[in-house]
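Below, chains carry the letters A, B, ... as their sequence lines are ordered, and counting in each starts from 1. Given the structure is predicted, the values throughout are model-derived calculations rather than measurements.
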Amino acid sequence: MSNDKKRLLSLEKYTDYEAVIGSEVHIQLKTNTKIFCDCKNEQCDIPNTNICPVCCGYPGTLPLFNKKVMEFAIMAGLATNCTINKNNYFARKHYFYPDLPKGYQITQSDQPICIDGFIEINDEKGNPKKIRIQRIHMEEDAGKNIHSDKYGSLVDYNRAGTPLLELVTYPDMSNQYDVRAYLKELHSILVATGITTGNMDEGSFRSDTNISVRKKGDTKLGTKCELKNINSFKFIHDATDYEIGRQIELIESGEKVIQQTRLWDAKSHETFMMRTKEGVDDYRYFADPDLPLLIIEDALIESIRNKMPKLPRQIKNDLITKYQLSEYEVEILYDNSDLLWFFEETYFKIKSKLVISWVLRELVAAIKEFKVEIKNYIFTPNHLFDLLSLLNENKISQKIAKDIFDICFASGKNVLEYANKNNLISVPLNNDEIKNIVIKFINENKVTIDEYKSGKIKLRGFIIGELMKKTKGKANPSLINTIFDELTK
Amino acid sequence: MSISIKKIANMSRINLTPMQEIQSHEKLEEMILYINIINSVDKKLSQDFDLNIYKNRNIFRKDISFNLDTKVNSTIKKNAPEFLENLFVVPLLVKREK
Amino acid sequence: MSSIQFLNLKEIKELLKNNNISYKELHSETVNLFKKYNEKLNCALEIFEDSFIENSIPFIVKDVISQKNRKLSAGSKILSNFISPYDATVIERLNFFNYYSIGRANCDQFGMGSSGENSAFGPSINPWNLNKVPGGSSSGSASAVAAGLVPFSLGAETGGSVRQPACLCGIVGLKTTYGSISRNGAIAYASSIDQIGIFTRNIRDCAEIYFSIAGFDKKDSTTIQNFKSYSKEEIDNFCNQLNNFSCKGKKIGVIENAINAKDINLEVKKKLEEALNVYSKLGAEIEYVSMPTMEYSAAVYFVISRAEVASNLSRYDGVKYGYRSKHSDNLLNMYSNTRNEGFGDVAKNRIILGNYVLSSEYTDKYYIKAKEVQALMKDEFFNNLKKFDVLFLPTFSDIAFDIGEFSKNSIAIDLGDYFTAAANLVGIPGISIPCGFVKNLPVGFQLLGKMLGEKDLFNFGHAYEQATEWHKHKPSAFMI
């Protein structure tokens, strides 16, 4: 990739600096209705369709809290090892903006529903690391503003009042790898719980990253900048790296980092300023008098805990134990559910080590080449099962297996029929037949064998290779080895 | 006591004229002087008093959507001071340059 | 056909039942009464001639309560052309019990004011004396009922906006227990203390309407959860039992520091003492009790109500509905001009005070502190309401004052909330009941009850009414 050339690796360049990074993520919840009214919670192409007097901030309307939002928030909290706050209330956060219909956002302030959790990630060296979650709170989303030079700002309230969770970490991340690993892990956890689609293009998983840098050994935090609205893990990784570099270089050249919100330009591979944060906004929080207290009983927490689906880490561990795979192999399978499906379907029929290597190498390569969706494709786990069975029984060689795979993957032809038709299947030699070939070889190559016996171990590779040739691939290599060893004892 | 009436008026999104500013300032100072009496209260609540007894708790709405009467939607649109192709229109935050 | 003016609910129902009048005639008669007198009283902003509902009796609604497909102005310029797309819960409930709204009553804008002079549509007038204010903020609702144009009306209270005008207009005004009547559809002033209130010319009517609209509403999460709404039968039963109540042995606590407040009109005080004498004669035990936290009620009320109103009025920004200033070239100007032009001075000053006490610098000193003192008040009131059946105090320190007598902005007029705001802050019900006249203007006393103790207020009120004739007096000034 061309981006590799541009890779900055700022912290490797400036080894006397360190970065302090925290994350705020907003996730949209997959409820049927909005958080405080019974409007549909769904993407809608026609602006201002899913709106009602409540979510448009009409005079006299009152918020009515959707229970599902609380349940989803508890799920998110349990999935990230949080403590669930028993006593909850909503607060009003005041500011004026056209997409905010009431002039305040209903959110949670000093008593969020979940606190003090953590997520485990692996840092860039593969070492486990805990990223602490400071809080998760429930709130309503704003609508959308579209800016048009010709008409002014255009406002759509379809999204206004849809439920959000905001997850805030402590500043426990120290580089772009941590940020990406954290976000990917968080994303997969939340998607696994089923509370969000996690669709980043649609804004279901919106990440803001707070970055500051300082000289190693400094105890005071540097001025932070916030990276906003970046909707891919890779871009967030790259932007974080860039931003660390930008801040270090500012300091190195004697300038100051100014607190601001920055966006990422994926084309020029740079962050750029959206706005500075002059002073602190006064949001004038107070408890929303329209909403009753929310008291969460232990029984409710337990019933949600019992309904929780398996989380990624557990699923991965299960895969490792069940199929005796490596962590690396599981990562790939976990990230691609179709591949996992193909693997499991095949493995179910033939419990062989061959399955994982064929799935990860040949199958992955072929999928990429043919650009197919493997779950709905003509080449099925049955095909691979037939192929690997032949291989396992030494009826075909590795090379022939690969040839058959290529043909059948492209055409969907039946593996056995194709192999038979083209005489590719050979009946493997039995022990005696192999023995005869080995004896014949020993007799015809006495000098070489003597040299080998006298200690020239290196010759073994050559000898076995020759024997393989003689058996035309119809003999099990390990059988050849065993028989050869017996006869040359 | 110095109050920046400008700052509060701005926070309140109310554009006071200089005359209004003076009047508002006077009124605000008068009121603050009066409400300060609450800061002389140092009584304590009686021990068995629970503030939350009379507060409702856990009133929920079921997560079931309803199709809104289309007439309500059209009233909402008719009430808009400016409306264009299904969108509410407001002036830009600032005129954009370039 | 005899005039329906000044008839109470029971009398109107009797006429309808005996076919002395048809529902249709009742409707057109009511419309005619407003046509005839509204020019003088300015109590109605709009009369719905097309609103007739078969088998139903008309009333009028303070224009802060939402009526489907009708204007909802809150007495303000900023909402002057706003159409509400839905009915408030109280409107639905009253429709269910065969009452319908015949119009929108004038009021101080967004419920802010004690005289009715803060309406963007001109002041309402007191039917007893055309130079006097009817009180406020539910000015039109009080004026219309006092003038006998409708048997009852809805108002809304945050610090006394029903009881005070009821007192100045010589009628019954009820502020209900917080959470007993749904606020769904009522424009919020201070959500934590707002309640819809009722004006009638006698206690029985008040009870009937209260029981019709009270009860848990799933559209208002602050209505009391286990408080079920009443059936027609239960309502009738209670109203019919009012006569059986006896004050004998019942305890009335007179709030000593309130009735002896230094700025109280002594003639008014005399009327209140006469009312106490009536109760005494009826066998009630009268005891004076000092309630020190009363002294903070106005200050606490100012802080909490202003903070909440600043928040609640944030939505009026010219974006989605209502007035928008024409001359604004950017968003910030649009907001600031719209809100400066759309709100009256009182509203603006209250928003500014509210944002001041909520600002991060002062919230602990004022807002949080006020909430603490509010808790102390609740503590004191609840304790005393364990000892007494009801508490007795003035509704207002004086009789109705002249239109224009007070500058709209003076603290003197704000301090008029002193006697009433406590009930709002504590959440308990309060009622103002007429008890005589000073200088030909009505005087009323106030009873406060326990949480959901409205029945006590009706019982005590009805007993007083049976022993006196005050509720039978009718104003005539506006009819000449």
Verify the neighbour count for atom NZ of C:Lys68: are there more than 12 heavy atoms of other residues, nucleotides or ligands below 6.0 Å?
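No, because the 6.0 Å sphere around NZ of C:Lys68 holds 12 heavy atoms or fewer from other groups.
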
Segment of C:Tyr86 engaging chain B (4.5 angstrom heavy-atom cut-off):
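Neither part; nothing is under 4.5 Å.
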
Do C:Ile304 and C:Val357 come close enough that some side-chain heavy atom pair is under 4.5 Å?
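No, their side chains stay 4.5 Å or more apart.
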
Which residue in the set C:Thr223, C:Asp194, C:Thr222 passes side chain to side chain donor-acceptor pair (under 3.5 Å) when paired with C:Arg183?
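Only match with C:Arg183 under side chain to side chain donor-acceptor pair (under 3.5 Å): C:Thr222.
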
In terms of heavy-atom proximity below 4.5 Å to chain B, should C:Lys218 be classed as side chain, backbone, both, or neither?
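Neither; nothing under 4.5 Å.
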
Does C:Lys77 NZ have over 12 foreign heavy atoms under 6.0 Å away?
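Yes, the 6.0 Å shell around NZ holds more than 12 heavy atoms from other groups.
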
Among C:Met334, C:Glu295, C:Arg306, single out the residue with the greatest number of heavy-atom pairs under 4.5 Å to chain B.
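Of the options given, most contacts go to C:Met334.
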
Closer than 3.5 angstrom, by distance alone: can the side chain of C:Gln109 be matched with the main-chain N or O of C:Phe343 as a donor-acceptor pair?
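Not confirmed, C:Gln109 side chain does not pair with C:Phe343 backbone.
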
When you look at B:Val41 and C:Leu376, which way does the side-chain contact (heavy atoms from CB on, under 4.5 Å) test go after all the steps?
CA-CA 10 Å; B:Val41 181; C:Leu376 287 172; 3.4 Å; yes

Per-residue contact mode, B:Lys78 against chain C (heavy atom under 4.5 angstrom):
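Interface part for B:Lys78: neither.
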
Are C:Asn333 and C:Asp329 close enough that a side-chain donor and a side-chain acceptor fall under 3.5 Å?
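There is such a pair (donor and acceptor under 3.5 Å, judged by atom type) between the side chains of C:Asn333 and C:Asp329.
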
Which atoms of B:Lys71 approach chain C - backbone, side chain, both or neither, heavy atom under 4.5 Å:
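For B:Lys71, side-chain heavy atoms alone lie under 4.5 Å from chain C.
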
Go through the atoms of B:Asn73 and report whether side chain, backbone, both or neither lie under 4.5 Å from a heavy atom of chain C.
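It is neither, since no heavy atom gets under 4.5 Å.
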
Under 4.5 Å from any heavy atom of chain B - which part of C:Ala310
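Neither part; nothing is under 4.5 Å.
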
Under 4.5 Å from a heavy atom of chain B, the part of C:Arg350 involved:
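For C:Arg350, no heavy atom lies under 4.5 Å from chain B.
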
With a 4.5 angstrom heavy-atom cut-off, is it the side chain or the backbone of B:Gln20 that approaches chain C, or both, or neither?
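For B:Gln20, the side chain is the part near chain C, not the backbone.
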
